[in-house]
Amino acid sequence: MKRIVWIILVLLFSAVVAKPVKLEVQWYPQAQFAGYIMALEKGFFSDKDLQVEIIFSDGNDEPVQKLKNGEIDFCSAWLSTALKKYDPQNSIVNIFQVLQKSSLMFVAKKSSNITTPTDFNGKRIGLWGGDFVLQPTAFFRKYDIEYELIPQSYNIDGFLVGAWEVASAMYYNEYHKIYQAGVDEEDLVSFFFADYGLNFPEDGLYCKLSTLQNNKEMCVDLVEAVQKGWQYAFQNKEETLDIIMNYCYERAMRTNRAHQSWMLDKIEEAYKYSGSENEVEPGVLPIGDYYRVAEELKEQGFLQRIPSYKEFFRRIVE
Amino acid sequence: MKKVKKPILLKLLFRILVPLLVIYGLLLLFTYDRNKENALNETKKYLQELTKYNAEKLDKEFQQIVQASHSIKNFVETAMPITDEQLFEFTKKVVKADDDNIGSGIAYLPFKSHLRKEKYAVFTTENNGKYEMKDLTELYNYLTEDWFQIPILLQHEYWSEPFWGRASETLLMTHSVPIKVKDETVGVSYADVSLQTVSQLTKNINIMNGYSYIISKQGTFIHHPNAEYRMNETIFSLAERYQRPYLRDLGQKMIAGESGVASYKDLNDDIKKWIVFTPISSTGWTFAAVIPEVEILASVNKAILNQSLIMLLGLALIVLIIIWVAYGISKPLRKLTGLAGEVAEGNLDVKMTGIKGNDEIQMLAEDFNSMTADLKQHINKLTKTTKAKEAVESELRVARQIQESLLPRIFPPFPDKKEFDLFARNIPAKEVAGDFYDFFFLNETQLAVIIADVSGKGISAGLFMAITRTLLKTVLNETNKPDIATAKANFTLCQENESCMFTTMFLGIYDLPSGTLEYTNAGHNEPFIIYQNGNIKKLESDNEIALGIMADYSYHAQKVKLGKGDTLALYTDGVTEATSPQNQLFGEERLLRVLQQNVDSKLAELTDKLTQQLQDFQAGNQFDDITMLFLRRNS
């Protein structure tokens, strides 16, 4: 009898503590979000008494805006995206920088005789919209390139049939899709923005400053669970891929395991990347990269005032 | 008939068939690889043709879509400026014309439409039997869509990769063509075909129990029996996942528009399979048929089996020929063997018939036939001769009977004469004897006893003997002197004795009352007198010559007196010269012993005993006439 009372008390307590937490990532399920998915699937969230719901964006909504609106509790977002939306009145903070290295790149076929950035002059260049244009814009300015911009859809067909010579690509995604369309790597020329002084760290985990202030414990628990999720994903890739492929299958996504495997590998590289400038730890936003992105955003008129690094990034776990 | 231990057939079969089998076997072994390769090449060609045929069939469906977008383009280019109504009517007609066309329309570059709107894109489709023209701009920004952007950038028609069509809410491929008005590109016309249609068309293609698939220009599986592959995997993603570099090479050939054949282990079941691929020309896709190698090898093996069967048939034919040839040889030989057996049993009327071929067998048959003919002729001759001989022999038998009847045969010859006993026997060597004996009374008291031996034997000797006997009887009618009678007979015999025959003779004239024997011995064996006391005396003579040699020879007579119980023994040389199988002569000694031992025996008994002894001695081989005559004085 005593036991049952205890169980009921614990359950009641759990119900109070384990409020549903909404975490939105910026795209459909794929290996890019393996850490979150594995934290959920392996029960790392529930271990911390966190009841997390992962929301996958369809690319048409804006998770950062939804975060600011209070529709969700946490979101994954590019550094540039989050910075652009920075509002001192309604602050959002980076509590975990997932990807240290930018995977955004330009890719061209060797056959189009493009070997250096200056060769881009006069070529048709496929560009995605939104935050994907920040680095290219800086790149073109840096190398003084005149080009014909082609609004690029989220596939590689135009590039493959030669409708445009240079394509925007994510190293972990489109670059490999080109490979999976039968183009060998040695027939391609790659331009990683990170290699041209334009490393814009991408995915990070964000929440409202108020959330952090009011419920730091929960934030710490969440970050720790996410961290554990990533570590688990990198250490158990086959299991991770099984789960990711299931997610993809449930959502009728057009992908394949080999592609997700490549993505997981490249995400791991970006997760563990340490720039030459300064040693960085996984999860910590490098200060140099932060200010580079912020300066560029200000330069391009997207940011009036650069928030301080400490204002923006909060290291809440060791 | 005797059983043949190693028949010709078996020998021929063994000596021809075994080497042939070895040669055939080696031939099969050495040509197997090449035959297999040939058969494989044939199968390859066949499969390529079949794959090409199916690809072309699919291509026809796509050609209709291509035509649809082209006809809209042409309509727009020539009918510009047009109204929405005109456009709807035309696109409706186009969509209606082809069941596989799920929707067609046009899309303009900004401000290039006939209405000069910033965005203008329409899509005509059928919905529950009703055709309607939808405004695409309400659905999404078509300007960045591949089907719109790429053909304009490339300045030529374009088949899109499959994508989710938001207007028709299905996976589809779009064929679009840039529209040009006065050398200025204003937009595209397009026609859609659903992925389901492609799958439906491809699903029904079944090549040799395999499966078929279609990959896009990017290697994406547009159709594959494994639904999970469709739109998810590319041939390259599979190569990557299963680490099959050759599959990547193969995929690159496919998307380059090549056609060919390759073999590999299937990813799904690890079974070796062949892949035959060929491009679908309008879309730039690749149609591929995957066939289990066992299916192909089965057809290849079938071809090789057919070849082997033909070879076996040839062998069987050779066996039949061998049997035919062997039978052709052994059948007449067997017949010949049988006939030879019959010949051996005496049937000479057999003849080998029905042998043709002008070969050794025929020669043998002819020789056999001439041999039996010769044999038959010979035997006929022999039969005739034997018959003739038998005729002569029977005549000789008659002659002997006559001769026998000539010799006195009844003993005792003179039963009323008790003064003496007389017993004689003649055993001729041949049917007609040359020996003879005779006795007859010259008068009341004088008895003539004669024993003679004619030179030679048989008829002539018999005849000579008959003459001599008759002659003696005649001359003894005229005289009772043995020397005179002998001389007379000799004289007569010498006349006309062209065959120069002669006869030895002992002639005695026995005087019954006195017991005196007056005798002449013309070259005959000297007789014996066996006295009653057992003493023996040889009747010496003067070595006078035989009758028939010298006509004027004068013979001499001698006298001897027989006492009571004394026996005169006359004999011819057939007795003393009787020969044993060991070539020993009977001789005088044996004769004298018989005579001495039978001093007291009756003459018939003596004669029997001597005859018995002679026959035992000769053991059936009598070469000369045996004649003996005994005379014993009783009182």
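Chain letters run A, B, ... following the sequence lines, proteins first, then strands; residues in each count from 1.
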Sort B:Leu171 into side chain, backbone, both or neither according to what part of it lies under 4.5 angstrom from a heavy atom of chain A.
side chain
Nearest-0.5 Å distance that lies between atom CD in A:Gln152 and atom CG in B:Asp146:
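Taking CD in A:Gln152 and CG in B:Asp146, the distance rounds to 9.0 Å.
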Any chance you could lay out the salt bridge (Lys or Arg N to Asp or Glu O under 4.0 Å) test for B:Lys217 and A:Asp157, step after step, and finish with the verdict?
CA-CA 9 Å; B:Lys217 284 172 286 183; A:Asp157 304 359; over 6 Å; no
What part of A:Ser153 gets closer than 4.5 Å to chain B, counting heavy atoms only: side chain, backbone, both or neither?
both
Can you establish whether the number of heavy atoms outside A:Asp144 located under 6.0 Å from its atom CG is more than 12?
no
Check this for me: B:Lys272, atom NZ, are more than 12 non-hydrogen atoms of other residues, nucleotides or ligands nearer than 6.0 Å?
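Open: at most 12 neighbouring heavy atoms sit under 6.0 Å from NZ of B:Lys272.
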Option in B:Ile215, B:Thr220, B:Leu154, B:Ile255 with maximal non-hydrogen atom pairs under 4.5 Å from chain A
B:Leu154
Options B:Arg241, B:Arg248, B:Glu233, ranked by heavy-atom pairs under 4.5 Å with chain A, top entry:
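Result: the option with the highest number of such pairs is B:Arg248.
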Can a donor-acceptor pair be found, under 3.5 Å and without considering hydrogens, that links the side chain of B:Gln149 to the backbone of A:Pro151?
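Present.
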Check whether B:Tyr229 gets within reach of chain A through its side chain, its backbone, both or neither, counting any heavy atom under 4.5 Å.
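Interface part for B:Tyr229: neither.
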Write down the atom of A:Gln180, the atom of B:Ser237, and the distance for their closest heavy-atom approach.
NE2-CB, 3.1 Å
Exceeds 12 heavy-atom contacts within 6.0 angstrom, atom NZ of A:Lys109:
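Count over threshold, so yes.
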Most chain B-contacting option - heavy-atom pairs closer than 4.5 Å, from A:Cys248, A:Ser261, A:Ala163
A:Ala163
Can you spot which of A:His176, A:Arg257, A:His259 makes a side-chain hydrogen bond (donor to acceptor under 3.5 Å, both in side chains) with B:Glu240?
A:His176
Around A:Glu250, counting heavy atoms of other residues, nucleotides and ligands shown, do more than 12 lie under 6.0 Å from its CD?
yes
What are the two closest non-hydrogen atoms of B:Phe236 and A:Tyr179, and how far apart are they?
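So the minimum-distance heavy-atom pair works out to CB-O, 4.1 Å.
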Residue part contacting chain B, namely of A:Asp184, when any heavy atom lies under 4.5 Å
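Contact with chain B involves both backbone and side-chain atoms of A:Asp184.
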Around A:Glu239, counting heavy atoms of other residues, nucleotides and ligands shown, do more than 12 lie under 6.0 Å from its CD?
yes
Heavy atoms, side chains only, cut-off 4.5 Å: are B:Ile150 and A:Trp164 in contact?
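When only atoms from C-beta onward are counted, A:Trp164 and B:Ile150 do touch, with a gap below 4.5 Å.
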As a quick check of understanding, evaluate side chain to side chain contact (heavy atoms under 4.5 Å, CB included) for A:Arg124 and B:Leu153, giving each step before the final call.
CA-CA 9 Å; A:Arg124 284 175 178 164; B:Leu153 287 169; 3.5 Å; yes
Is a side-chain donor or acceptor of A:Asn256 paired with a backbone partner of B:Asn232 at a separation under 3.5 angstrom?
yes
Just wondering, more than 12 heavy atoms not from B:Lys52 lying within 6.0 Å of its NZ?
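No.
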Is atom CD of A:Glu146 surrounded by more than 12 heavy atoms (other residues, nucleotides or ligands) closer than 6.0 Å?
no
Using a 4.5 angstrom heavy-atom cutoff, name the option from B:Glu145, B:Glu228, B:Gln218 with the most pairs to chain A.
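The candidate making the most pairs under 4.5 Å is B:Gln218.
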Near A:Tyr143 OH, under 6.0 Å, is it more than 12 heavy atoms from other residues, nucleotides or ligands?
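Above 12, so yes.
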